[in-house]
Colleague: 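I have a structure here, written as structure tokens, and I will follow up with some questions on it.
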Amino acid sequence: MRYAVAGLAAAAFLVGGVASPVHGATADAGAGRPLEGRVVVIDPGHQLGNHNFPREINRPVPAGGFDKPCNTTGTATNGGYPEATFAWRVSRALEARLERLGAKVRLTRDTNSERRWGPCVDDRGRAGNKVHADAKISVHGDGSYAAGARGFHVIAPTDRRPWTHDIYRPSKRLAIDTRAALKTHGLRVANYIAGGDGLDFRSDLGTLNLSNIPTVMVELGNMRNASDAHRMTSPHGRQTYAAALADAVRRFLGR
Ligand SMILES: [Zn+2]
């Protein structure tokens, strides 16, 4: 579905370029589409309805040499704004930005619905493999009750042979690019994650372990913190996150 839409856009662009070559339209339009030919997977966190399907969500699935529950419910702000909805809206805004830059975008879920669940972490983990995507970003918000805990952090896989040995190095580069882009957009590194540098390396996440393409998971803010929640629940704030993540992809794929 998303491929079809992206394909139509690409076809229209080509027709437009051919129709007006004397104006240099092809070259100009090409310069504005730096991600042309690239494929990016966006994983918009937990499905909104996960809490309505405990049996399905708790079913063990492969996660990279061990089993884990299919998915979790995610967190929310103290005001009740769900992580699922935050991740969904940031992901759709990011999708639009990446498509304007020429990328083909594939999302791991097509709805944000109380009547749906999943996909499980093994499906999320493998989502970019068959389509040979260039990168995958999994979008989340955190839920720490620690006093004053706020800010973003970027999670990349450790070298977990054989699962992530092929991708842990480029995934670390993607994580560093993502951190730089988020900081450039005025966002602050988390003050409650060990190390304090905004990067976290984990071996226990199926979404990362099962990927054969460079991937990171971003916890864009702490939904239980009032100032982070203020940004995460505002359309302007979510556009800031989406703009930063689009820049992260450009930095990473622009090498
Ligand atoms: Zn989450």
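What you are looking at is a predicted structure, and each value in this text was computed from that prediction instead of being measured. Each ligand, and each atom within it, is numbered from 1 in the order the structure gives.
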Colleague: Does Asp122 come within less than 4.0 Å of Arg126, counting only side-chain N to carboxylate O?
Modeller: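 Looking at Asp122 and Arg126, the cut-off is met.
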Colleague: Between the side chains of Arg188 and Asn191, does any donor sit under 3.5 Å from an acceptor?
Modeller: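 Side-chain D/A pair, Arg188 to Asn191: absent.
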Colleague: Output the distance between atom CZ (Phe252) and atom CD1 (Ile137), rounded to the nearest 0.5 Å.
Modeller: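 Between Phe252 CZ and Ile137 CD1, I get 9.5 Å after rounding to 0.5 Å.
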Colleague: Please state whether the rings of Phe53 and Trp117 are parallel, tilted or perpendicular, taking 30° and 60° as the class boundaries.
Modeller: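 Rings of Phe53 and Trp117: tilted, as their planes differ by 30° to 60°.
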Colleague: Salt bridge check: are Arg59 and Glu56 linked by an N-O gap of less than 4.0 Å?
Modeller: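 Not counted as a salt bridge, because no side-chain N and carboxylate O are separated by less than 4.0 Å.
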Colleague: Distances under 2.8 Å only: what protein N/O/S atoms are near the Zn ion (ligand 1), ordered by chain and residue?
Modeller: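 Sorted hits: His46 NE2, Glu83 OE2, His140 ND1.
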Colleague: Under the side-chain contact (heavy atoms from CB on, under 4.5 Å) test, which residues partner Asn52, sequence neighbours left out?
Modeller: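 Asn52: side-chain contact (heavy atoms from CB on, under 4.5 Å) contacts with Glu114.
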